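Have a look at the structure below before the remarks.
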Amino acid sequence: LRSNRKCIYEFGVKWNDPARNQGGPPPDIGLMDIEELATWGKENRVCPFYQSRVQQERADLLLVPYSYLLDASMRRTMKIELEGAAVLFDEGHNIESVCEESASFEFTALEVGHAIEELIQVYEQVVEMEDEAFAELMTIAVGKKNNVAEARQDTRPQANYNKSQFTTLLAVFKTKLFDLEGLILGIELDENTELSTFEVVQPGETILKMLRKAGFKDLEAETELFMVVAELCLYFLRSDEARVHGGADFAGWNLEKMARGLRVLAQRLTKPGATKYYKLYVTGGAKAVTKATSFAQDTSQMRNRKVHCWCFTPGVAVRDLFDQGVRSLLVTSGTLSPIDATASSLGWMQVGFQRRLTNTHVVDAKRQVWGGVVNSGMTGTQLISSFQKRDDTKTQKELGEVVASVCRVVPDGVLLAFASYAQMRSLLAKWKETEVFKRIEEVKKVFVEPSKSHELPQVLSDYSQSIKSGKGGLLLAVCRGKLCEGVDFTDRQCRAVIVAGLPYPNLKSKRIALKRNLLETLRKEDSTVTSGDDWYTQQMSRAVNQTIGRVIRHRHDFGAVIFADSRFSQGRQISEMSAWLRPVVRNYRDFGHVLSELTTFFATIPGELLQQMKAVEDAVVLHTDGPVEEPVLRDAYGRSLDWGIKMAPPALIDDAGERMLKRGPAQSRGLTDFAAVRPAKRECPHPPEPAPEEPEEEPLQQGCL
């Protein structure tokens with residue numbers, strides 16, 4: 001419908017905007033959240049997505065996902081201008097991986113082959129067309145693209161090609177891709193007996209050499225032109241005439257992927273000094289593959305040959321933002337610690353962070369948070385969830401008994417976070433074989449983080465209802481998973497977090513291994529660079545800090561953080577915990593002391609704090625609207641407070657932005673200026689042992705995957 005200009009909702013934006021049609025500014029429809037904008041769109045037969053883009057023109061503050069800023073194509077599409085802008089990355093603990101991903105590209109030899117076939121399909125379609133029919137279709141395609149380009153303020157080539165010029169370009173880029181396919185298949189791989197495959201790692205400079213050898217001499221200019229040709233091809237492949245011959249909405253997908261990916265590499269790899277932060281990793285089912293004589297011919301080896309052009313520094317993407325004219329860059333998160341290491345990683349490619357700020361928590365942690373490392377359970381068996389101990393029956397049972405006992409003394413909801421999905425599945429299966437699971441379910445209903453995203457809202461809804469009913473709930477999740485980083489567990493939904501295991505990144509991941517090795521190499525050149533081992537440990541610590549952050553969501557919240565793994569008692573693990581939690585974490589050798597203190601903690605929460613917590617609960621409710629979709633936070637008036645999850649189109653705040661902030665989630669969740677409430681001091685009859693000053697650190701290879 002959109003391609004044929006028949007979508008009444010998209011063009012309803014213009015029909016509803018007489019001032020815009022006369023060259024004036026877009027009308028002010030008021031400040032709306034995403035659901036209000038959707039309702040308004042239905043009432044006025046206007047597409048809310050395109051209406052939000054019109055309103056964007058008068059916005060002073062724009063809220064967008066990371067990808068809208070880091071991807072040059074997305075910036076053009078969304079008309080996001082960065083010249084002189086101040087950019088703030090919230091939840092900045094993810095910025096390292098997101099930036100690296102945005103500067104990387106992965107593809108298979110088979111996708112290159114299919115892209116070649118799509119170019120040939122367009123070539124054959126164009127050759128068979130009459131000159132007049134081609135000119136008419138090209139005029140429509142170029143006009144449509146130029147309108148988009150004008151809206152994007154696009155500076156790429158916009159020529160209206162004649163039939164001869166266009167077929168020549170198709171032939172040129174077919175040859176380039178054909179040569180690239182041959183180079184990929186010709187790379188000799190080394191056998192990896194452990195993984196039963198073949199692989200090779202080469203420096204980032206090899207990527208540039210390979211592209212230039214394939215015919216992309218002026219890399220930036222030619223990949224830009226390739227993107228223009230690919231966009232025109234998409235229109236030809238998806239036009240009404242193409243549909244008659246079997247075309248579909250997804251036709252040209254491989255061609256578009258290759259064009260976008262090669263342009264990303266051209267934009268990032270050609271920056272001075274960038275290649276040292278890249279690696280080329282190629283995998284396949286054979287040492288080398290003989291080049292097929294026909295691009296329609298493919299083999300199993302071609303299907304298995306995969307190319308990974310990986311970037312290992314966020315500095316490449318951050319440097320690109322400053323090249324676009326960004327005036328200031330702010331990165332905020334509750335888990336940037338250690339902050340010097342974060343600044344160092346983002347500061348590669350000559351980007352410096354002159355100002356660094358660490359704030360205290362909004363809560364009085366000594367009064368509102370209980371924290372402890374549990375070294376063993378009631379039987380004295382050491383709690384350790386390392387890879388070597390993961391399948392130890394005695395250790396598994398001991399952890400289950402600890403969880404059951406904690407669930408008896410902690411009210412409402414408890415979040416149990418594992419180091420990996422494999423650990424969670426293994427323990428759950430073992431507990432169900434014994435009486436452990438039954439003892440847990442006697443006090444709290446058990447819920448498990450689903451593997452499929454669309455099942456998550458229903459699990460959250462059932463979990464919330466169980467807590468409201470008074471039964472309580474135990475929610476099993478995984479560090480770095482959907483629940484431990486993306487869900488706001490307010491008040492009763494999470495009165496305690498139990499962390500079972502150290503969630504180190506997967507040691508068998510080639511990308512993790514290559515980054516560790518690269519950091520070690522760079523550290524030999526510059527002692528200020530974080531070592532590979534330190535970076536590896538920091539990734540674990542940040543995952544833990546994100547998980548424990550689920551327990552405190554506003555200044556009147558309270559709860560407990562329980563580290564059910566003896567390795568957390570090591571000084572290094574404690575030193576890398578969030579600063580707000582560090583002072584209250586104690587090292588417990590006797591599990592009886594843990595239960596005694598937890599019982600005292602929840603029994604002495606002052607009445608005033610509970611009353612304020614009840615006021616917050618009255619204002620904010622976790623529920624689902626109609627058919628089960630994403631969970632929606634609403635205030636007492638039924639208005640959505642879920643600003644984070646539901647911001648797919650740009651969220652707009654203009655001069656009326658103060659109104660949004662006054663009724664936003666922060667205030668509704670109890671972040672208004674109440675006086676601090678200090679509960680009565682708690683005394684433990686059996687003081688626990690303090691954490692050791694200089695513990696012996698455990699080797700990294702014993703980390704739980």
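Fair warning: this is a prediction, and the values are worked out from it, not measured in the lab.
Contact between Cys233 and Leu119 at its shortest, heavy atoms only, is SG-CD2, 4.1 Å. Residues Gly92 and Val331 share a closest heavy-atom pair of CA-CG1, 3.8 Å. Annotation for Pro314 and Ile95: closest pair CB-O, 4.3 Å, computed over non-hydrogen atoms. Taking each heavy atom of Pro503 and Ala543 in turn, the nearest pair found is CG-CB, 3.9 Å. Closest approach of Leu269 to Gly204, counting heavy atoms only: CD2-O, 4.3 Å. The two residues Ser52 and Leu37 have their closest heavy-atom pair at CB-CD2, 3.9 Å.
Residues Asn254 and Phe107 form no side-chain contact, since every pair of their non-hydrogen atoms from C-beta on lies 4.5 Å or further apart. Counting heavy atoms from C-beta on, the side chains of Leu234 and Trp253 never come closer than 4.5 Å. Using a 4.5 Å cut-off on side-chain heavy atoms (C-beta onward), Leu219 and Leu211 make contact. In this structure, Val487 and Lys482 have side chains that are not in contact, with every pair of non-hydrogen atoms separated by 4.5 Å or more. Residues Asn94 and Glu485 have side chains in contact (heavy-atom distance under 4.5 Å, counting atoms from C-beta outward). Between Leu280 and Pro203 the shortest side-chain heavy-atom distance does not fall below 4.5 Å. For the pair Gln267 and Thr223, the minimum side-chain heavy-atom distance is 4.5 Å or more. Residues Ile120 and Lys174 are in side-chain contact: their nearest non-hydrogen atoms beyond the backbone lie under 4.5 Å apart.
Looking at Ser102, its side chain never comes within 3.5 Å of a backbone N or O of Leu70 through a donor-acceptor pair. Using a distance-only test at 3.5 Å, with no hydrogens or angles considered, no donor-acceptor pair links the side chain of Gln121 to the main chain of Glu117. Side-chain N or O atoms of Gln546 include none that pairs as donor or acceptor with a backbone N or O of Cys484 at under 3.5 Å. Side chain of Arg523 to main chain of Val529: a donor-acceptor pair is present (N/O by atom type, distance under 3.5 Å, no hydrogens or angles). Between the side chain of Ser104 and the backbone N or O of Glu100, at least one donor-acceptor pair lies under 3.5 Å. With Asn545 contributing its side chain and Ser578 its backbone, the two residues share a donor-acceptor pair below 3.5 Å. Looking at Glu118, its side chain does come within 3.5 Å of a backbone N or O of Leu255 through a donor-acceptor pair. In this structure a side-chain-to-backbone donor-acceptor pair under 3.5 Å is present from Tyr278 to Ala103. Using modelled atom types, no side-chain atom of Lys306 and backbone atom of Thr283 make a donor-acceptor pair closer than 3.5 Å. No donor-acceptor pair closer than 3.5 Å links the side chain of Ser509 to the backbone N or O of Pro505.
With values rounded to the nearest 0.5 angstrom, Thr530 atom OG1 is found 11.0 Å from Trp535 atom CH2. Here Thr528 contributes atom OG1 and Leu522 contributes atom CG; the two are 10.0 Å apart, rounded to the nearest 0.5 Å. Considering OG1 of Thr521 and CZ of Arg516, their distance stands at 12.5 Å, rounded to 0.5 Å. Expressed to the nearest 0.5 Å, how far CG of Leu502 lies from OG of Ser541 amounts to 8.0 Å. Interatomic distance, Cys311 SG to Arg511 CZ, rounded to the nearest 0.5 Å: 8.0 Å. Annotation: the span from Leu262 atom CG to Glu224 atom CD amounts to 11.5 Å, rounded to 0.5 Å.
Between Arg76 and Asp71 there is no salt bridge, since none of the side-chain N atoms of the basic residue sits less than 4.0 Å from a carboxylate O of the acidic one. The pair Glu199-Lys510 meets the salt-bridge criterion, since a charged nitrogen lies less than 4.0 angstrom from a carboxylate oxygen. Comment: Arg260 engages Glu256 in a salt bridge, judged by a side-chain N to carboxylate O separation of less than 4.0 angstrom. Checked for salt-bridge contact, Lys271 and Glu220 miss the test: no charged N lies under 4.0 Å from a carboxylate O. Between Glu111 and Arg305 there is no salt bridge, since no side-chain N of the basic residue sits under 4.0 Å from a carboxylate O of the acidic one. Ion pairing between Asp320 and Arg268 holds under the 4.0 Å rule for side-chain N and carboxylate O. Between Glu81 and Arg75 no salt bridge is recorded (no basic side-chain N to carboxylate O distance below 4.0 Å).
One side chain, Asp534 or Ser531, offers a donor N or O that lies under 3.5 Å from an acceptor on the other. Between the side chains of Thr332 and Asp90, at least one donor N or O lies within less than 3.5 Å of an accepting N or O.
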**OP:** Begin with the C-alpha distance, continue with both residues' side-chain angles, and end with the deciding distance and a verdict on side chain to side chain contact (heavy atoms under 4.5 Å, CB included) for Ser328 and Val87.
**Re:** CA-CA 6 Å; Ser328 300; Val87 174; over 6 Å; no

**OP:** Take Glu96 and Thr313 through the side chain to side chain contact (heavy atoms under 4.5 Å, CB included) test and state the conclusion after the steps.
**Re:** CA-CA 7 Å; Glu96 180 178 351; Thr313 172; over 6 Å; no

Original post:
Between Glu205 and Lys276, does a side chain to side chain contact (heavy atoms under 4.5 Å, CB included) hold up when you go through it step by step?
Top reply: CA-CA 7 Å; Glu205 184 66 31; Lys276 68 186 293 186; over 6 Å; no

**OP:** For the pair Val307 and Thr108, evaluate side chain to side chain contact (heavy atoms under 4.5 Å, CB included) and give the outcome as yes or no after the intermediate values.
**Re:** CA-CA 6 Å; Val307 180; Thr108 67; over 6 Å; no

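Relative ring orientation between Phe89 and Tyr66 is described as perpendicular, the plane-to-plane angle rising above 60° on a 0-90° scale split at 30° and 60°. Between Phe312 and Trp310, the ring planes are perpendicular. Angles over 60° get that label, and only those under 30° would be called parallel.
For the pair Lys176 and Phe216, the cation sits on the ring face: its NZ or CZ lies under 6.0 Å from the ring centre, inside 45° of the axis.
The salt bridge (Lys or Arg N to Asp or Glu O under 4.0 Å) pairs that include a residue from residues 277-286 number zero, where partners must be two or more places apart or lie in different chains.
The six-membered or imidazole ring of Phe236 lies near that of Phe166, with a centre-to-centre distance under 6.0 Å.
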